[in-house]
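For ligands, and for the atoms within them, numbers begin at 1 and follow the listed sequence. Because the structure is predicted, anything quoted here is derived from the model rather than measured.
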Amino acid sequence: MTSKPHSGSMLGLGAMGGALAQAVLDAGRTVTVWNRTPGRAAELVSQGASEAATAGEALLAGGPVFVCLFDHASVHQTLDPLAESLRGRAVVNLTTTTPAEARELAGWAQRHGIAYLDGAIMATPPMIGGPGSHILYSGSRSVFDEHRQILDLWATSTHEGDDAGLASLFDLAILAGMYPLFAGFLHGAAMVQSAGIEAAEFAERAAPFLSAMTASFPGTAATVDGATYETPLQSLDWTRTALETIARASRELDVDPVPIDMVTALVRGEIDAGHGAEDFNRIIEQLRPRA
Ligand code: FVH
């Protein structure tokens, strides 16, 4: 009889930690799991996972230590008391943190002789192990290479660099685009609902156009990287008229145009600075740090 390969420990069995542990079991491997509040491991244990009563006990299983907790503070609350037991071990932290928090954890790990890899999950729990799931990693390249077989069970895995903050930087920067996009979609849905049109019908029309628009990101990026705003595809002056028309239409429909107002404020900032004839993408100058 061949024993199943062991995949280390998973600390945290929330929606995401549970999905990660499940994918390991689905691949015919075993894993030791721990959760602060008992009672979340039963389903995993019935499929072969070992449950540890404490996070410290979970480390006794050996192998990499995967951490998927609520936030940065909960990671420290869990790992700080275990620092000495973790010396010489590999920690892969999949908890969402800011880049500065990831770098802080990497520094903490280095001071305690722990190899640290930070992970940023670009997926929802049901996507884990399926197509479209992507996890960005940064920090220890050797931890990434050594445990790649496990990481690849969850998603497409990419190593973004030795700076532990990079995975989180990309993650949060991408999400910074996603949330306004969804707010804009919902703004549009509220507008058409005022005419008795359901959001589902609106989605059929909005999704193809908005998807096609994202194909222009490389062009936008080229404009921004080169700071070549002088020959606009859409000038700031022109864009302000378009945005104000959308806001006026929204108010006519008794819909709050706040998502569009946010963009209009950025556009006005550049117009007020004397750049109305230049390209819309110049609004990035309102956003990034000023010299
Ligand atoms: N769920 C998602 O769609 C997103 C996708 C992108 C990445 N995120 C991040 O993944 C981390 C975990 O998210 P989650 O969905 O598993 O979150 P919850 O279901 O709320 O579970 C949280 C777990 O954290 C444990 N926990 C909370 N505080 C502490 C603490 N002080 N000490 C130890 N453990 C703690 C909690 O335990 P319990 O409440 O059951 O006792 C859960 O296991 C997160 O960073 C997302 O941003 C997921």
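- Note on Arg248 versus Glu244: no salt bridge recorded, every NZ/NE/NH1/NH2 to OD/OE distance being 4.0 Å or above.
- Between Phe144 and Tyr137, the ring planes lie tilted relative to each other; the angle falls in the 30° to 60° range.
- A donor-acceptor pair is defined here as one N or O able to donate and one able to accept, closer than 3.5 Å; such a pair exists between the side chain of Asn35 and the backbone of Leu13.
- Using bins of under 30°, 30° to 60° and over 60° for the plane-to-plane angle, the ring pair His112/Trp108 lands in the tilted bin.
- Enumerated by chain and number, the residues approaching ligand 1 to less than 4.0 Å through a heavy atom are Gly12, Leu13, Gly14, Ala15, Met16, Gly17, Asn35, Arg36, Thr37, Arg40, Cys68, Leu69, Phe70, Ser74, Gln77, Thr78, Thr95, Thr96, Ile121, Ala123, Thr124, Pro125.
- Among residues at least two apart or in separate chains, there is no ring pair (Phe, Tyr, Trp, His ring centres under 6.0 Å) pair with a member in residues 215-241.
- Side-chain atoms of Ser216 do not come within 3.5 Å of backbone N or O of Gly219 as any donor-acceptor pair.
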